[in-house]
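Starting off with a structure, shown below.
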Number of protein chains: 4
Amino acid sequence: MTRQERAAQRREAILEAAAHTFTQKGYSGASIKDIAEAAEVADGTIYNYFTNKEALLLALFDRLVAADQVGDRLTAALDTDVDTFIAGYFGAHLARVRENYDLFRAVIPEILATPDLRDRYYQGFVAPLLRAAEDHLHKRSDVHPVDGEQMARVLYALFFGLLSLRILGDEAIQPGEETDARLLATIQQLFTQGLAAD
Amino acid sequence: MTRQERAAQRREAILEAAAHTFTQKGYSGASIKDIAEAAEVADGTIYNYFTNKEALLLALFDRLVAADQVGDRLTAALDTDVDTFIAGYFGAHLARVRENYDLFRAVIPEILATPDLRDRYYQGFVAPLLRAAEDHLHKRSDVHPVDGEQMARVLYALFFGLLSLRILGDEAIQPGEETDARLLATIQQLFTQGLAAD
Amino acid sequence: MTRQERAAQRREAILEAAAHTFTQKGYSGASIKDIAEAAEVADGTIYNYFTNKEALLLALFDRLVAADQVGDRLTAALDTDVDTFIAGYFGAHLARVRENYDLFRAVIPEILATPDLRDRYYQGFVAPLLRAAEDHLHKRSDVHPVDGEQMARVLYALFFGLLSLRILGDEAIQPGEETDARLLATIQQLFTQGLAAD
Amino acid sequence: MTRQERAAQRREAILEAAAHTFTQKGYSGASIKDIAEAAEVADGTIYNYFTNKEALLLALFDRLVAADQVGDRLTAALDTDVDTFIAGYFGAHLARVRENYDLFRAVIPEILATPDLRDRYYQGFVAPLLRAAEDHLHKRSDVHPVDGEQMARVLYALFFGLLSLRILGDEAIQPGEETDARLLATIQQLFTQGLAAD
DNA sequence: TATGAATGAGCATTCATTCAT
DNA sequence: TATGAATGAATGCTCATTCAT
């Protein structure tokens with residue numbers, strides 16, 4: 001193992017420890033000492049890999065955003081029907097959350113609570129996603145005429161709200177293949193039929 | 001103005017200042033000094049009205065939960081059609097958020113970020129709401145057969161997600177009568193027709 | 001009851017409350033609020049009778065010193081034998097302590113702990129007492145030749161030490177007529193015979 | 001100098017600074033900042049060595065109690081005559097006080113003033129000492145028949161009272177070999193002959 | 001590079017004192 | 001004179017960050 005590899009591994013261990021600790025105690029409640037202990041390194045070592053505590057959060061944030069880059073897939077999805085589109089779209093999102101659950105639980109709360117992250121997340125992730133979604137809805141021919149601006153927000157709200165409900169601890173939708181499948185089916189049903197019977 | 005009235009007013013001013021300051025800087029980032037300055041009182045005065053900093057957050061939390069008590073209206077809404085039901089339901093929620101926007105912006109982020117509040121909110125508010133919604137869906141005859149457990153969560157997620165999007169600063173859905181009306185129409189459309197055209 | 005009498009009564013009640021509270025929690029540990037509650041007056045009222053918290057302690061201190069003025073009795077006691085002298089001397093002291101026990105318990109600890117009171121007590125009470133005792137021992141003809149300076153200190157030490165032991169809570173010498181009588185007899189025996197049998 | 005040695009030295013410096021500052025201003029009057037300045041360390045450093053301010057006082061208290069463990073010597077002293085016994089006993093006590101004067105001056109006042117320390121001191125130190133002294137007096141054959149319970153208390157009172165007089169600042173018995181020798185001689189005289197001449 | 005002791009700014013909280021009523 | 005709400009200085013303690021080893 002090269003020096004670089006060892007360094008990368010340490011960095012990884014620290015980030016994982018940070019994610020875990022932030023999830024348990026929140027960003028403010030987690031001390032560098034807590035994280036260092038969880039990562040089994042000394043306090044000072046963390047500063048060899050990250051400039052400060054905030055940088056840990058930002059690194060996690062960047063991972064989260066990277067993990068959930070979906071905007072670019074929207075354009076490519078125009079030629080599928082609504083059902084397939086929703087399945088692909090939400091399905092991918094659910095899979096990402098499943099694979100990076102600690103990351104999401106650690107970062108999402110702080111995104112809402114921290115003005116700086118709030119803006120970063122909105123500008124860098126949400127706004128482009130909303131624009132892409134509006135655009136997509138506009139171009140689709142197989143949907144009812146909708147208020148694209150608002151419907152895009154409804155779509156995003158579902159994403160974020162379900163994630164929040166998981167973070168709140170609701171057991172019925174903790175990530176897992178089976179749960180995600182049922183959830184996806186319900187969402188598909190809503191988008192293809194609505195809720196009301198004729 | 002009686003002594004009691006003045007005290008009530010002070011308490012109110014302090015709570016408003018706390019809400020405002022928490023919104024700006026987050027709970028941890030807001031110092032008692034910040035809040036005292038915003039309320040135009042001395043630091044110590046706050047402690048004549050609240051036991052400690054946490055009590056400020058809890059008082060705001062209690063208000064939020066009180067402001068959004070919707071679960072009890074669910075049972076009464078069985079005899080309306082889906083369209084009216086959704087309108088009444090989300091409409092009421094949107095109105096509450098509109099009237100208490102500062103409160104929601106201050107408290108919602110902390111609910112996700114603070115393990116203690118998280119549980120309090122889930123057990124005291126979300127869980128009952130989900131149970132009521134599941135029950136309601138079960139009893140309605142004018143809806144498609146649905147996975148009630150999951151659909152209840154989808155409904156709640158819409159609530160919470162839209163609120164989050166507002167907190168994130170999205171301008172297209174900042175609270176306001178007109179915006180809320182458009183949003184409500186979009187939600188109604190989704191629940192009655194779905195998104196996909198036949 | 002005249003206005004003056006009522007005021008004097010209040011002052012008395014406050015001082016007693018202060019003595020009691022200082023005894024329970026120590027001077028620093030006792031808050032003005034504590035004392036006000038014990039005296040059943042409002043915080044502010046205390047300041048109509050005493051300039052500040054320290055003044056409460058000083059007033060108690062003055063009472064203690066006044067209650068235990070023994071120095072002047074020393075000169076008058078030259079013409080009694082040692083036994084009677086010791087009996088009169090310690091007996092009077094023990095009686096004073098018995099009658100003002102709360103006062104002593106409240107003030108004595110603070111005398112040792114507070115530099116200011118320390119000096120005040122030593123200069124105003126202890127030093128004169130020691131001088132008088134030295135002088136008295138010098139003049140007595142019915143005692144062994146002694147190191148008057150040191151013996152005076154031994155006498156005072158007995159006073160103060162017994163008081164301290166009471167404050168420490170020792171049950172065998174809590175003030176009371178019977179206990180005081182036994183204690184006095186023991187002291188008399190020590191001073192007339194010593195401890196060692198021939 | 002190893003890391004451990006340096007740490008031990010620091011701890012020592014902090015404790016000495018605490019003893020000194022407590023002596024000057026009393027426990028409550030001494031701030032952590034005061035102590036840190038006296039020890040020439042930063043405020044926070046103190047907390048690397050002691051849990052909190054109270055722990056400083058308790059550490060000093062433990063040292064004082066350890067420094068003055070005399071009870072166990074009582075049993076061994078039965079086979080000496082009263083004179084030698086008193087000499088050995090008080091002599092040892094005086095030597096301990098001389099060698100740890102700062103410690104005694106810092107802690108003794110707080111023992112009386114702090115309910116918690118009061119109990120700790122009485123139960124852990126005074127009560128055993130009194131029991132041992134009573135027992136010792138009971139077993140000795142070369143003393144006058146005495147009220148052992150009360151005489152034990154008289155003995156302890158002398159200890160404590162002399163210490164208090166030193167703390168009060170009396171110059172004639174500030175610790176020192178010569179003073180201690182004179183004091184000891186006076187005490188011996190009292191216990192062997194009494195004060196009264198035949 | 002890793003360590004962890006030292007640092008000191010920052011903050012929640014207390015409480016003696018004031019003063020308008 | 002009595003009240004008790006308001007004040008704000010003071011303080012114990014935490015913890016992110018630095019740096020000598």
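Remember, it's a predicted structure, so these values are computed and weren't measured experimentally. In what follows, chains are A, B, ... by sequence order, proteins preceding strands, each numbered from 1.
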Completion exercise
To the nearest angstrom, the CZ-C1' distance between A:F50 and F:dT18 comes to 18 Å
Problem - Whole angstrom value for the distance that separates C1' of F:dT1 from CD of C:Q4 - result: 15 Å
Problem - Within-4.5 Å side-chain heavy-atom neighbours: D:L58 and D:L117 - result: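 Yes - at least one pair of side-chain heavy atoms lies under 4.5 Å apart.
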Problem - Atom CD of C:Q24: over 12 foreign heavy atoms under 6.0 Å - result: yes
Handout entry: Residues B:D34 and B:S31: side-chain donor-acceptor under 3.5 angstrom
Key = yes
Fill in the blank from the handout: With B for base contact, S for sugar-phosphate-only contact and - for none (protein heavy atoms under 4.0 Å), nucleotides 5-13 of chain F reads SBBB---SB
Problem - Taking every non-hydrogen atom, the tightest pair across A:A106 and A:F22 - result: CB-CB, 3.9 Å
Problem - A:R11 CZ to E:dA2 P, straight-line distance once rounded to whole Å - result: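 Atom-to-atom, A:R11 to E:dA2, this comes out as 13 Å.
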Problem - Pairing pattern in dot-bracket form [Watson-Crick, G-U; both distances under 3.5 Å; | = partner strand] for DNA chain F - result: .||||||||||||||||||||
Exercise for the section: For C:I14 and F:dT3, give me the distance from atom CD1 to atom P, rounded to whole Å. Expected result: 9 Å
Exercise for the section: Grab the CG-C1' distance between C:D34 and E:dA16 for me, whole Å please. Expected result: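 So the two atoms are 12 Å apart, to the nearest Å.
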Practice task
Locate the shortest heavy-atom distance separating C:L56 from C:F50; write the atom from each residue and the value.
Solution key: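 Scanning both residues, the minimum pair turns out to be CD2-CD1, 3.5 Å.
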Exercise for the section: Could you walk me through whether D:E12 and D:R63 pass the salt bridge (Lys or Arg N to Asp or Glu O under 4.0 Å) test, one step at a time? Expected result: CA-CA 12 Å; D:E12 191 59 28; D:R63 290 199 167 192; 2.8 Å; yes
Exercise for the section: Over all heavy atoms of both residues, which pair between B:I14 and B:A39 is shortest? Give the atoms and the distance, please. Expected result: CA-CB, 4.0 Å
Exercise for the section: Identify, with sequence neighbours excluded, every residue that meets salt bridge (charged side-chain N to carboxylate O under 4.0 Å, His left out) alongside D:R118. Expected result: none
